[in-house]
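Please read the structure below before turning to the comments.
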2 protein chains.
Amino acid sequence: MDPSCSCELCELKGLFIETLDDDHLDIICSAKIEKEFNTGEVILKEGMQIQDFVYLKSGLVKLYRSDSGGKEQIITIAKPFDYVSLLSVFSNNTYNYSVTALEDSVTCNIKMSEVKKLVLENGKLALNLLRQMSLVADQIILDSLEIRKKHLRGRVAFLLIYFSQDIYQSSEFDLPLTRKEMAEYVGMTTENVIRTLSEFRRDGILKIYGKTIQVANMDTLKSIAEFG
Amino acid sequence: MDPSCSCELCELKGLFIETLDDDHLDIICSAKIEKEFNTGEVILKEGMQIQDFVYLKSGLVKLYRSDSGGKEQIITIAKPFDYVSLLSVFSNNTYNYSVTALEDSVTCNIKMSEVKKLVLENGKLALNLLRQMSLVADQIILDSLEIRKKHLRGRVAFLLIYFSQDIYQSSEFDLPLTRKEMAEYVGMTTENVIRTLSEFRRDGILKIYGKTIQVANMDTLKSIAEFG
DNA sequence: GTCATGTTATGATAATTATCATATCGTTAT
DNA sequence: ATAACGATATGATAATTATCATAACATGAC
């Protein structure tokens with residue numbers, strides 16, 4: 001096996017690679033290209049030809065769409081293990097969303113032609129991809145239904161809980177989104193995101209130091225996310 | 001080949017079956033069960049164990065979630081060729097949504113264990129499923145983003161255009177949804193759906209005879225869907 | 001440093017949407 | 001037939017949210 005290949009050490013091995021035998025692993029290893037992106041750099045652009053299967057090795061990214069007026073809607077925030085180029089990849093020729101790094105990130109890119117070849121040859125990999133796609137798509141759809149039925153306070157609470165619990169596993173964290181991006185994610189205006197955060201601060205639910213957020217009262221935050 | 005099997009005649013053959021050779025087709029054919037549902041009958045229920053891969057052979061169905069308060073949110077309307085049990089099916093043990101027939105419908109059910117076995121053996125089928133899942137999930141996500149950014153009039157217009165063009169290919173059709181279901185689909189109240197329809201009628205955009213809708217001015221309807 | 005620009009912040013107001021009340025119409029059950 | 005119920009319909013009002021205006025603050029460009 002190619003000694004320069006580090007796939008067998010990659011923490012994503014379990015998802016994508018455990019189903020591959022050594023021969024196939026070697027193919028992936030020599031075919032893959034790692035790319036590094038700084039915070040704010042664009043990884044994929046809406047309309048671009050889909051050439052690679054891209055997954056996130058480390059970092060944090062946002063998937064979003066831009067409309068003709070330049071306004072953006074964030075579809076989801078993806079951390080490693082959430083595939084990045086999952087949507088569209090098997091059905092479309094071009095991306096119908098863009099991806100930008102929210103933190104310094106590393107992606108691993110494999111030509112779609114290689115992935116398709118492997119799927120044809122390796123049923124376990126195929127099942128794994130089906131499972132993963134199903135999971136990711138489901139989560140995006142359910143989250144968007146959840147967000148839709150909440151009022152503004154509930155939406156902001158939902159987003160904060162998501163970052164605190166799912167992304168950073170800590171009650172204090174540096175929010176990698178601007179207030180504007182928060183608004184684009186949960187479907188409200190920037191002003192109202194800011195106002196809602198201020199309310200939460202006044203109510204003693206949050207402590208806010210610029211982008212650093214400390215959740216002082218998670219129980220209340222959760223009840224706001226759930227009921228109002 | 002089993003002479004009672006009609007799969008090779010099924011119009012869904014192209015999607016699910018063209019990738020199968022005769023042996024595999026025979027397996028599917030003898031394993032599949034067709035089920036008929038009348039309008040209003042429940043096909044799948046949220047929380048139920050997932051046992052079968054279910055796809056819609058004819059008819060029209062809604063996929064939806066119910067919250068604790070009994071309120072429902074419609075995720076999507078599916079016609080034949082849109083797989084019904086696609087979401088969750090490869091990643092979950094239970095459905096996280098329900099499915100009900102909006103018109104008399106026929107489903108074709110195949111045990112998931114059979115489908116998984118076939119995926120393991122048949123790479124073309126796997127790729128076909130990946131493509132189809134990708135397509136369906138993408139469409140649901142994009143539609144929900146579209147709906148989210150519109151005002152009430154735009155949402156109702158979007159829904160009417162969808163039924164007129166995508167489902168019935170006619171400017172006059174019987175809407176298979178109640179006003180309440182329309183509201184559950186586009187995220188607004190029943191009263192406001194009714195009010196908006198009345199507005200459209202007053203503006204000469206629609207003619208409404210109960211559930212029968214005639215789009216009198218598609219251009220205006222489209223510009224409302226697009227701009228407001 | 002200072003300028004320009006974008007982000008955060010807050011208030012006043014306007015627009016949008018939901019809620020509540022009430023009435024009519026249709027359908028189904030008895 | 002008629003009672004009961006849900007769906008459709010409309011208006012008045014309340015609640016929610018967006019828009020507009022303004023200002024403080026931070027950040028990077030020069």
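Predicted, not measured: the structure shown is a model, and the values here were computed from it.
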**Prompt:** Can you name the one residue among A/Thr220, A/Leu160, A/Asp219 that meets side chain to side chain contact (heavy atoms under 4.5 Å, CB included) with A/Ile205?
**Reply:**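 Of the listed options, the one satisfying the test is A/Thr220.
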Separation of [X] atom [atom1] from [N] atom [atom2], in whole Å?
X: A/Leu152; N: C/dA15; atom1: CG; atom2: C1'; value: 14 Å
X: A/Lys150; N: D/dA15; atom1: NZ; atom2: P; value: 22 Å
X: A/Lys149; N: D/dT17; atom1: NZ; atom2: P; value: 16 Å
X: B/Phe200; N: D/dA9; atom1: CZ; atom2: P; value: 14 Å

**Request:** Can you establish whether the number of heavy atoms outside B/Glu36 located under 6.0 Å from its atom CD is more than 12?
**Result:** no
**Asked** Base, sugar-phosphate, or nothing: which does A/Arg155 touch, judged by heavy atoms less than 4.0 Å apart?
**Response**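 Contact class for A/Arg155: none.
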For the backbone of [Y] and the side chain of [X], can you confirm whether one donor and one acceptor N or O come within less than 3.5 Å of each other?
X: A/Gln132; Y: A/Asn128; value: no
X: A/Arg155; Y: A/Lys150; value: yes
X: B/Glu46; Y: B/Ser66; value: yes

**Distance test, side-chain N/O of A/Lys211 to OP1/OP2 of D/dA26, below 4.0 Å** = no
**Request:** Tell me which nucleotide among D/dT10, C/dT10, C/dT16 gets nearest to the side chain of B/His151.
**Result:**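 Minimum distance to the B/His151 side chain belongs to C/dT16.
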**Residue-level proximity of residues 175-194 of chain A to DNA chain D when a heavy atom falls under 4.0 Å** = A/Met188, A/Thr189, A/Glu191, A/Asn192
**Item:** Side-chain touch B/Glu34/B/Asn109, heavy atoms, less than 4.5 angstrom
**Value:** no
**Item:** Any N/O donor-acceptor pair, B/Arg153 side-chain to C/dT17 base, under 3.5 Å
**Value:** no
**Message:** Using a distance-only criterion (donor-acceptor N/O pair, under 3.5 Å, no hydrogens), is the base of C/dT16 paired with the side chain of B/Arg195?
**Reply:**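 No, the side chain and the base share no sub-3.5 Å donor-acceptor pair.
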